[in-house]
Amino acid sequence: MTSRRALIGGAAVSVAAAVLAARHVRAQAQPSVIVVGGGFAGASCARALKQLDRDLAVTLIEPESAYLACPFSNAVLAGLRGIEAQTFGYDRFGDIGLIRKRAVAVDAERRRVRLDDGTDIGYVRLVLAPGVDLRFDALPGYDEAAAEIMPHAWKAGPQTLLLRDQLAAMPEGGVVILSAPANPFRCPPGPERASLIAHYLKTKKPRSKLIILDAKDAFSKQRLFEAAWGELYPGLIEWVPLSSGGRVTEVDTATRTLVTEFGDHKADIANVIPPQRAGRIAQLAGVADQTGWCPIDPVTFESRLQPAIHVIGDAAIGGAMPKSAFSANAQAKACAAAVSALVRERQPGQPKLINTCYSLVAPGYGISIAGVYQPRDGLLAEVEGAGGTSPLEAPPSVRELEAAYAEDWFRTITSEVFG
């Protein structure tokens with residue numbers, strides 16, 4: 001005869017099994033959204049997705065154990081902050097699944113992402129936030145080996161420290177050359193880098209010179225930067241635009257020479273920023289076009305080349321919207337709202353996105369540009385009259401306040417994104 005204790009025990013086991021089965025069914029029923037890339041765009045999107053819809057199964061794929069932020073990395077070059085202030089981990093992502101592997105392929109038809117260990121996982125919607133790759137095939141003489149002599153320092157980390165150390169070791173009276181590519185390229189701002197390198201030279205090696213060889217005839221916040229350079233660094237910075245022979249066509253690492261159509265420039269330190277394109281997984285997923293960048297629908301950020309794949313941040317062709325951390329964060333939130341609506345078969349709303357780019361010209365001297373963007377004619381277009389720049393004529397107190405705003409923004413966004 002079955003004892004009462006056995007009956008109770010059996011019932012308990014049955015209840016536990018039923019609960020586990022229900023959880024399994026519920027987990028299987030959860031729409032699965034995968035986010036590839038743990039920078040400002042990807043990490044922001046993963047968080048926003050989970051905040052918008054707790055029942056979504058959100059997985060973030062990021063091979064690195066920590067993220068090194070590019071905003072404010074120019075201050076590292078000038079010795080104004082340590083690289084540790086740019087470093088953020090992934091240990092505060094709660095119930096967002098985190099896979100420390102590299103995504104190496106996407107099967108858009110089967111909706112699967114393959115990882116570098118050979119496994120693959122399925123998705124209902126995929127968000128790619130791969131950032132940029134540097135085009136080492138675009139400038140004769142400049143490849144990954146050359147970058148160890150003429151650092152780009154355009155991805156924060158070892159290259160940042162290499163350029164910082166080269167500047168520290170350069171003899172007084174040396175020549176630093178910064179080579180800037182044509183648009184589009186992503187932040188940190190090149191003119192900010194020139195400004196903070198100039199600050200370092202002015203304070204540590206005042207007989208030195210900085211030459212900017214620019215493949216453009218204009219740059220963002222140009223009047224503000226040039227006014228500040230005249231005020232803070234007279235005679236120290238020389239800007240050579242495209243029309244005056246600023247485009248570098250070749251480099252020679254053996255002699256640290258940068259070749260232009262108008263002549264050669266020999267440097268003691270050469271900071272060569274090469275052209276860029278969307279990160280490699282975007283190419284492999286088939287969402288990048290012949291430009292190397294990813295065309296997207298400005299409402300949903302869905303790829304125009306592959307269904308159910310969304311692209312955000314630096315890799316996307318965002319119309320008038322610049323490639324900045326602020327933009328990436330704004331796009332991530334708009335994309336998350338669209339993805340959440342689409343997986344629940346709702347109509348996504350029309351986004352309106354804001355971007356503000358802060359730049360430090362010197363410690364305690366900040367300037368900024370702001371813009372508001374909305375979908376128009378298939379692109380993200382700027383809303384006229386909704387943005388603007390810092391005033392050209394402003395007292396030191398305003399510049400100091402903008403520098404403080406920049407610091408506050410960085411603390412706020414990194415806390416929001418990385419916890």
Side-chain angles (χ1 to χ4, degrees), residues 69-86 150-154 156 159-180 187-214 219-240 267-273 324 357-369 389-411:
C70 283
F72 274 86
S73 63
N74 288 329
V76 176
L77 300 176
L80 301 175
R81 64 196 285 127
I83 196 70
E84 66 281 352
Q86 303 299 116
M150 297 176 163
H152 54 78
W154 215 241
Q159 280 273 307
T160 311
L161 299 179
L162 175 60
L163 182 55
R164 180 199 65 183
D165 293 347
Q166 285 186 353
L167 289 167
M170 186 185 75
E172 162 68 300
V175 175
V176 180
I177 298 180
L178 188 159
S179 168
C187 284
E192 179 193 72
R193 172 166 293 185
S195 301
L196 293 184
I197 289 176
H199 168 76
Y200 175 79
L201 296 177
K202 178 182 176 179
T203 54
K204 303 293 185 182
K205 301 172 185 188
R207 290 190 291 108
S208 300
K209 184 173 184 177
L210 171 64
I211 299 172
I212 306 168
L213 297 177
D214 199 342
F219 55 87
S220 178
K221 304 190 286 287
Q222 182 169 343
R223 294 180 67 202
L224 287 164
F225 274 114
E226 290 185 324
W229 294 345
E231 175 189 346
L232 300 174
Y233 312 120
L236 199 157
I237 298 176
E238 178 186 355
W239 176 58
V240 183
D268 292 286
I269 305 295
N271 172 204
V272 177
I273 305 165
S324 71
C357 286
Y358 293 100
S359 295
L360 293 180
V361 184
Y365 192 121
I367 57 177
S368 66
I369 185 170
T389 65
S390 305
L392 187 59
E393 302 291 339
S397 59
V398 171
R399 304 299 189 214
E400 187 175 358
L401 196 58
E402 289 236 64
Y405 288 159
E407 294 271 6
D408 290 344
W409 166 80
F410 185 75
R411 280 192 296 269

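We number each residue from 1, following the sequence as shown.
- Side-chain atoms of Q159 come within 3.5 Å of backbone N or O of H152 as a donor-acceptor pair.
- In this structure, P391 and L224 approach most closely via the heavy-atom pair O-CD2, 3.5 Å.
- Separating the CG atom in L162 from the CD1 atom in I269 is a distance of 9.0 Å, to the nearest 0.5 Å.
- Distance check, rounded to the nearest 0.5 Å: CG of N74 to CG of L80 gives 10.0 Å.
- The side-chain heavy atoms of P234 and W229, taken from C-beta on, include no pair separated by under 4.5 Å.
- Panel note: side chain D268, backbone V175; a donor-acceptor pair is recorded below 3.5 Å.
- The heavy-atom pair separating C187 from C70 by the smallest distance is O-CB, 4.3 Å.
- Of the residues listed (I177, I197, V240, I237), the one engaging I212 in a side chain to side chain contact (heavy atoms under 4.5 Å, CB included) is I237, and it is the only one.
- With respect to E226 and K221, no salt bridge is recorded, no charged nitrogen being found less than 4.0 Å from a carboxylate O.
- With values rounded to the nearest 0.5 angstrom, D165 atom CG is found 10.5 Å from T160 atom OG1.
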Criterion side chain to side chain contact (heavy atoms under 4.5 Å, CB included) on F225 and S359, from CA distance to verdict: CA-CA 9 Å; F225 274 114; S359 295; 3.6 Å; yes
Residues N271, R193; criterion side chain to side chain contact (heavy atoms under 4.5 Å, CB included); working and verdict: CA-CA 10 Å; N271 172 204; R193 172 166 293 185; 3.1 Å; yes
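- The number of heavy atoms from other shown groups lying within 6.0 Å of CZ (R411) is above 12.
- No side-chain donor-acceptor contact under 3.5 Å links E402 to the backbone of I367.
- Taking the side chain as every heavy atom from C-beta outward, F72 and E407 approach each other to under 4.5 Å.
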L232 and V361: CA distance, side-chain angles, deciding distance, side chain to side chain contact (heavy atoms under 4.5 Å, CB included) verdict: CA-CA 9 Å; L232 300 174; V361 184; 3.8 Å; yes
Evaluation steps, side-chain hydrogen bond (donor to acceptor under 3.5 Å, both in side chains), between S73 and Q86: CA-CA 7 Å; S73 63; Q86 303 299 116; 5.1 Å; no
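- Ring geometry, Y233 versus H199: the interplanar angle exceeds 60°, so the pair is classed perpendicular (tilted spans 30 to 60°).
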Derivation of the side chain to side chain contact (heavy atoms under 4.5 Å, CB included) call for L178 and L213: CA-CA 6 Å; L178 188 159; L213 297 177; over 6 Å; no
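- Of the possible donor and acceptor atoms, one in the side chain of S208 sits under 3.5 Å from a partner among the backbone N and O of G173.
- Closest heavy-atom contact between A227 and L392: CB-CD1, 4.2 Å.
- With hydrogens and angles ignored, the 3.5 Å screen pairs a side-chain donor or acceptor of S390 with a backbone N or O of S368.
- The two residues V176 and M170 have their closest heavy-atom pair at CG2-SD, 3.7 Å.
- A distance of 9.0 Å separates OG in S195 from CG in L360, rounded to the nearest 0.5 Å.
- Counting heavy atoms from C-beta outward, Y358 and P71 have side chains that stay 4.5 Å or more apart.
- The six-membered or imidazole ring of W239 lies near that of F219, with a centre-to-centre distance under 6.0 Å.
- In this structure a side-chain-to-backbone donor-acceptor pair under 3.5 Å is present from K205 to L167.
- Between A85 and F410, the closest heavy-atom pair is O-CE2, 3.8 Å.
- Between the E172 side chain and the R207 main chain, a donor and an acceptor come within less than 3.5 Å of each other.
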